[in-house]
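Comments concern the structure below.
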Amino acid sequence: MNRKRIFSGIRPTGEIHLGNYFGALRNWVDLMHQYDCVYGVVDYHAITTPFEAKTMPQMVFNTMAALIAVGLDAEKCMMMVQSDVPEHTELAWILSCLAPLGQMERMTQFKEKSQQDPENINLGLLAYPALMAADILIYRADVVPVGDDQVQHLELTRDLARKFNNAFGDYFPEPQPLLTPTPRIMGLDGKAKMSKTLNNHISLFEESDVLQQKIMTAVTDENRKRRNDPGNPDICNIFSLHNIYSKNDEVQMIDRECRVAGIGCVDCKKILHGHLETSIAPFRDRYKELHEKPDEVRDIAREGAKRCLPIAQETLQEVKSRLGIGKHQFV
RNA sequence: AGGCGUGUAGCUCAAUUUGGCAGAGCAGCUGACUCCAAAUCAGCAGGUUGGGGGUUCGAGUCCCUCCACGCCUGCCA
């Protein structure tokens with residue numbers, strides 16, 4: 001049986017939080033059973049924005065450890081570090097020569113990041129989507145799981161694949177987006193999406209006491225000022241997490257009781273903390289264990305790269321051949 | 001490579017005519033009030049003034065040099 005191939009990547013920036021998990025990693029675990037999956041810790045993407053060389057190895061290690069800790073199995077999928085498979089960047093160069101400047105400049109993520117940090121706009125930031133296209137196409141992936149924010153980048157990938165196929169003969173599959181519904185995880189401040197830079201996140205590997213403290217100080221429904229005031233779960237940060245972590249009947253109970261002031265925010269938060277702790281604990285334990293046995297992580301990354309290399313090399317050789325490039329042209 | 005400009009707390013910016021105690025707002029942390037949180041109030045902390053050198057009793061401020069970023073003009077491929 002020939003399974004369809006998936007590629008997906010995660011940037012090694014900071015710690016993995018609940019938003020990352022529900023936005024991507026949880027899907028990755030499910031997809032591993034149905035597809036031939038390649039998952040990358042994309043360090044070359046990480047250097048398009050300011051970074052520190054001295055913390056980079058730890059970032060990459062932590063991210064790889066996180067993938068393993070949440071249940072990705074090296075027997076069932078390939079996990080690798082992007083820079084271990086240099087064919088990614090070589091293909092990225094080729095694809096960037098097919099990418100229209102105007103289209104790259106219209107990428108909303110590029111525009112956003114340029115606006116956020118106008119002093120750090122570099123060519124790599126502009127070329128980022130071309131590298132992402134290379135990540136996908138180097139494995140001739142059929143399917144790419146994407147969130148809303150990556151739809152435009154995947155569209156570019158498809159454009160580039162089509163453009164290549166038209167110019168140099170059919171070769172690349174046009175990767176299909178796999179839009180899996182993901183809950184939008186709000187940050188603890190109740191104002192924006194959970195993110196590390198806003199420091200409103202809960203780590204997927206949070207220590208128990210820190211977890212409790214973060215939940216207890218999280219923003220709730222601002223209008224519920226007193227214990228006897230009725231609350232509105234629809235706009236409550238904590239309730240949105242109950243939707244994910246609590247059983248259906250319990251969610252309904254909390255929804256009902258909050259609205260009539262039958263249950264207080266403290267009780268509500270305690271229940272959530274209990275579920276969250278139970279849910280996170282195995283991830284945290286495994287994550288710690290991997291930090292005590294770093295060789296296990298390194299072996300998996302090494303093995304992943306080893307399995308990815310022949311695929312990537314084959315693609316690149318074929319691509320170069322079609323472009324009329326490469327030393328084999330002379331022999 | 002040259003010219004011009006910018007660089008001060010996590011962020012936005014102050015700091016009197018070539019010099020005289022580095023400050024404010026926001027963010028952050030702590031406490032009070034709150035079922036928790038928010039809001040409010042009180043408090044705390046936050047700095048190699050991009051780096052190095054020089055002038056001076058004294059440099060964020062003046063001079064030299066290096067670095068980063070921006071704009072402009074070139075040079076080489």
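Residue numbering restarts at 1 for every chain, and letters A, B, ... go by the order of the sequence lines.
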Rounding to the closest angstrom, what is the interatomic distance between [N] and [M] at atom [atom1]?
| N | M | atom1 | result |
| --- | --- | --- | --- |
| B:G47 | B:G5 | P | 31 Å |
| B:G50 | B:A14 | P | 14 Å |
| B:G46 | B:C26 | C1' | 14 Å |
| B:C64 | B:G70 | P | 24 Å |
| B:G20 | B:U56 | C1' | 12 Å |
| B:G54 | B:G19 | C1' | 15 Å |
| B:G43 | B:C13 | P | 28 Å |
| B:U17 | B:C63 | P | 15 Å |

Salt-bridged, [X] to [Y], with N to O below 4.0 Å?
| X | Y | result |
| --- | --- | --- |
| A:Lys113 | A:Asp117 | no |
| A:Arg140 | A:Glu314 | yes |
| A:Arg322 | A:Glu318 | yes |
| A:Arg284 | A:Glu277 | yes |
| A:Asp229 | A:Arg224 | no |

Write down the distance between [atom1] ([X]) and [atom2] ([N]), rounded to a whole number of angstrom.
| X | N | atom1 | atom2 | result |
| --- | --- | --- | --- | --- |
| A:Lys225 | B:U34 | NZ | C1' | 11 Å |
| A:Asn232 | B:A37 | CG | P | 20 Å |
| A:His273 | B:A37 | NE2 | C1' | 17 Å |
| A:Asn199 | B:C11 | CG | C1' | 14 Å |
| A:Lys270 | B:C35 | NZ | P | 14 Å |
| A:Glu52 | B:G10 | CD | P | 14 Å |
| A:Leu272 | B:C36 | CG | C1' | 13 Å |
| A:Asn122 | B:A68 | CG | C1' | 14 Å |

Who does [N] pair with, Watson-Crick or G-U, both distances under 3.5 Å?
| N | value |
| --- | --- |
| B:C35 | none |
| B:U6 | B:A68 |
| B:G20 | B:C57 |
| B:C44 | B:G28 |
| B:A15 | none |

Fill in: Selection from B:C36, B:C35, B:A38 that lies nearest to any side-chain heavy atom of A:Lys269
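When the side chain of A:Lys269 is considered, B:C36 is the closest of B:C36, B:C35, B:A38.
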Indicate, with a heavy-atom threshold strictly under 4.0 Å, whether [X] touches base, sugar-phosphate, or nothing.
| X | answer |
| --- | --- |
| A:Val219 | sugar-phosphate |
| A:Asn120 | nothing |
| A:Thr217 | sugar-phosphate |

Worksheet item: Given that A:Met216 and A:Ile121 both sit by RNA chain B, which one's nearest nucleotide is further toward the 5' end?
Response: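 By nearest-heavy-atom nucleotide position, the 5'-most residue is A:Met216.
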Practice prompt. Find which nucleotide of RNA chain B each of A:Lys191 and A:Asn228 is nearest to by heavy atoms, and output the residue with the more 5' nucleotide.
Written response: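 Whichever sits nearer the 5' end wins; that is A:Asn228.
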Worksheet entry | Test log, rule ring-ring contact (aromatic ring centres under 6.0 Å, His included), inputs A:His273 and A:Tyr245 | CA-CA 9 Å; A:His273 172 249; A:Tyr245 283 101; over 10 Å; no
Worksheet entry | Audit row: A:Lys288, A:Phe205, side chain to side chain contact (heavy atoms under 4.5 Å, CB included) steps and yes/no | CA-CA 9 Å; A:Lys288 275 187 190 166; A:Phe205 312 107; over 6 Å; no
